[in-house]
*Asks:* 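Here it is, the structure in full.
Basis for what follows: all heavy atoms, side chains included, without hydrogens, waters or symmetry-related copies.
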Amino acid sequence: MKINNLKSVRLNVLFTSNNILCAITDLKGEVLFWTSTGSKKIRGTKKVTLTTITSILNLIFGYLSKYKVKYIHLNLKGFDKYKKIVLKYFKNSFLHILSVTNNSKIPHNGCKNLKWK
């Protein structure tokens, strides 16, 4: 596959309680580039902070500018307060956001348990 001919890519960001995983895929789903806060040799609770998120986003922007990608689809998954920061960085960047998908699975109290006699 030719990376030079890409015009739009999909960025999948997974927020876990201890780590943040980012993967850049083409529209078919083939992974082109991935990174995480753990791959930057940061350990412990310092992995999910504002400075580590900005360093990872700068790494992603460098990769996308290297291959001259202009359009991006964002897929955010997980529950974290830094999602808004990620969206703000992409709004202020050179990329055009085509779609934003939020796949957070948050329980809303669900079904009631059966009442046993």
Side-chain angles (χ1 to χ4, degrees):
M1 180 183 139
K2 294 270 185 181
I3 295 177
N4 295 335
N5 294 337
L6 286 178
K7 293 182 181 176
S8 65
V9 294
R10 181 178 304 269
L11 175 67
N12 300 313
V13 182
L14 173 64
F15 293 95
T16 62
S17 59
N18 296 327
N19 206 354
I20 298 172
L21 304 167
C22 301
I24 297 173
T25 62
D26 59 356
L27 297 179
K28 294 178 184 175
E30 298 173 4
V31 176
L32 304 173
F33 177 75
W34 72 271
T35 186
S36 69
T37 54
S39 66
K40 302 288 278 180
K41 304 291 189 238
I42 301 169
R43 307 185 110 212
T45 58
K46 295 182 281 184
K47 281 200 275 190
V48 187
T49 59
L50 182 62
T51 55
T52 56
I53 291 172
T54 55
S55 67
I56 283 184
L57 291 178
N58 288 334
L59 185 68
I60 289 171
F61 288 146
Y63 179 81
L64 293 176
S65 65
K66 178 181 173 184
Y67 290 107
K68 299 175 184 166
V69 176
K70 298 285 184 195
Y71 302 103
I72 191 164
H73 298 273
L74 284 175
N75 185 11
L76 305 173
K77 194 171 187 178
F79 185 66
D80 200 16
K81 60 185 177 183
Y82 295 112
K83 283 184 184 181
K84 292 179 183 178
I85 295 169
V86 170
L87 282 173
K88 183 194 269 187
Y89 267 82
F90 277 101
K91 272 186 176 179
N92 296 332
S93 69
F94 60 92
L95 296 168
H96 300 286
I97 300 173
L98 296 177
S99 68
V100 178
T101 307
N102 188 4
N103 292 335
S104 300
K105 294 184 170 106
I106 304 169
H108 297 285
N109 285 344
C111 299
K112 288 186 175 181
N113 292 331
L114 292 175
K115 188 174 183 180
W116 295 98
K117 294 181 181 180

*Asks:* Can you tell me how far NE2 of H73 sits from OG1 of T25, rounded to the nearest 0.5 angstrom?
*Replies:* 9.5 Å
*Asks:* For the NZ atom on K77, are there more than 12 heavy atoms of other groups (residues, nucleotides or ligands in this structure) within a distance under 6.0 Å?
*Replies:*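 No, not enclosed.
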*Asks:* In the single-linkage hydrophobic clustering (I, L, V, M, F, W, Y; side-chain heavy atoms under 4.5 Å), do I60 and W34 co-cluster?
*Replies:* no
*Asks:* Please test I85 against L57 for side-chain contact (heavy atoms from CB on, under 4.5 Å), starting from the C-alpha separation and ending with a verdict.
*Replies:* CA-CA 10 Å; I85 295 169; L57 291 178; 5.7 Å; no
*Asks:* Working to the nearest 0.5 angstrom, can you tell me the gap between S65 OG and F61 CZ?
*Replies:* 9.5 Å
*Asks:* Out of curiosity, does L95 fall in the hydrophobic cluster containing V100 (side-chain heavy atoms, cut-off under 4.5 Å, transitive links)?
*Replies:* yes
*Asks:* Do the non-hydrogen side-chain atoms of L74 and F90 ever get within less than 4.5 Å of each other?
*Replies:* yes
*Asks:* Find the distance between CD1 (I72) and NE2 (H96) and round it off to the nearest 0.5 Å.
*Replies:*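 I72 CD1 to H96 NE2: 12.0 Å, rounded to 0.5 Å.
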*Asks:* Measure the acute angle between the ring planes of Y63 and F33, then classify it against the limits of 30° and 60° as parallel, tilted or perpendicular.
*Replies:*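 Ring orientation, 0 to 90° scale: parallel.
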*Asks:* Return the set of residues passing ring pair (Phe, Tyr, Trp, His ring centres under 6.0 Å) with Y82 (not counting sequence neighbours), or none when no residue passes.
*Replies:* none
*Asks:* At what distance, to the nearest 0.5 angstrom, does CG of L59 lie from OG1 of T54?
*Replies:*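 Interatomic distance, L59 CG to T54 OG1, rounded to 0.5 Å: 11.5 Å.
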*Asks:* Checking V69 against I24 for the side-chain contact (heavy atoms from CB on, under 4.5 Å) test, could you report, in this order, the C-alpha distance in whole Å, the side-chain angles of both residues, the deciding distance, and whether it holds?
*Replies:* CA-CA 11 Å; V69 176; I24 297 173; over 6 Å; no
*Asks:* For residues 8-23, please give each side-chain donor-acceptor pair under 3.5 Å, one per line with the distance, not counting sequence neighbours.
*Replies:*
unit_1, atom_1, unit_2, atom_2, d
N12, OD1, N75, ND2, 3.2
T16, OG1, N19, N, 2.9
T16, OG1, N19, O, 2.7
N19, OD1, T37, N, 3.4
N19, OD1, T37, OG1, 2.4
N19, OD1, G38, N, 3.4

*Asks:* Are Y71 and L64 co-members of a hydrophobic cluster defined by side-chain heavy atoms under 4.5 Å apart?
*Replies:*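 No, separate clusters.
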*Asks:* If you look at every heavy atom in G78 and S104, which pair is closest and at what distance?
*Replies:*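 Heavy-atom minimum between the residues: O-OG, 2.7 Å.
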*Asks:* How long is the span from the NZ atom in K81 to the CG atom in L50, to the nearest 0.5 Å?
*Replies:* 9.5 Å
*Asks:* Is there a donor-acceptor pair under 3.5 Å between the side chain of K91 and the backbone N or O of I97?
*Replies:*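 Such a contact is absent between K91 side chain and I97 backbone.
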*Asks:* Should F94 and I56 be counted in the same cluster of Ile, Leu, Val, Met, Phe, Trp and Tyr side chains packed under 4.5 Å apart?
*Replies:*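 They do share one cluster, since a chain of ILVMFWY contacts under 4.5 Å joins F94 to I56.
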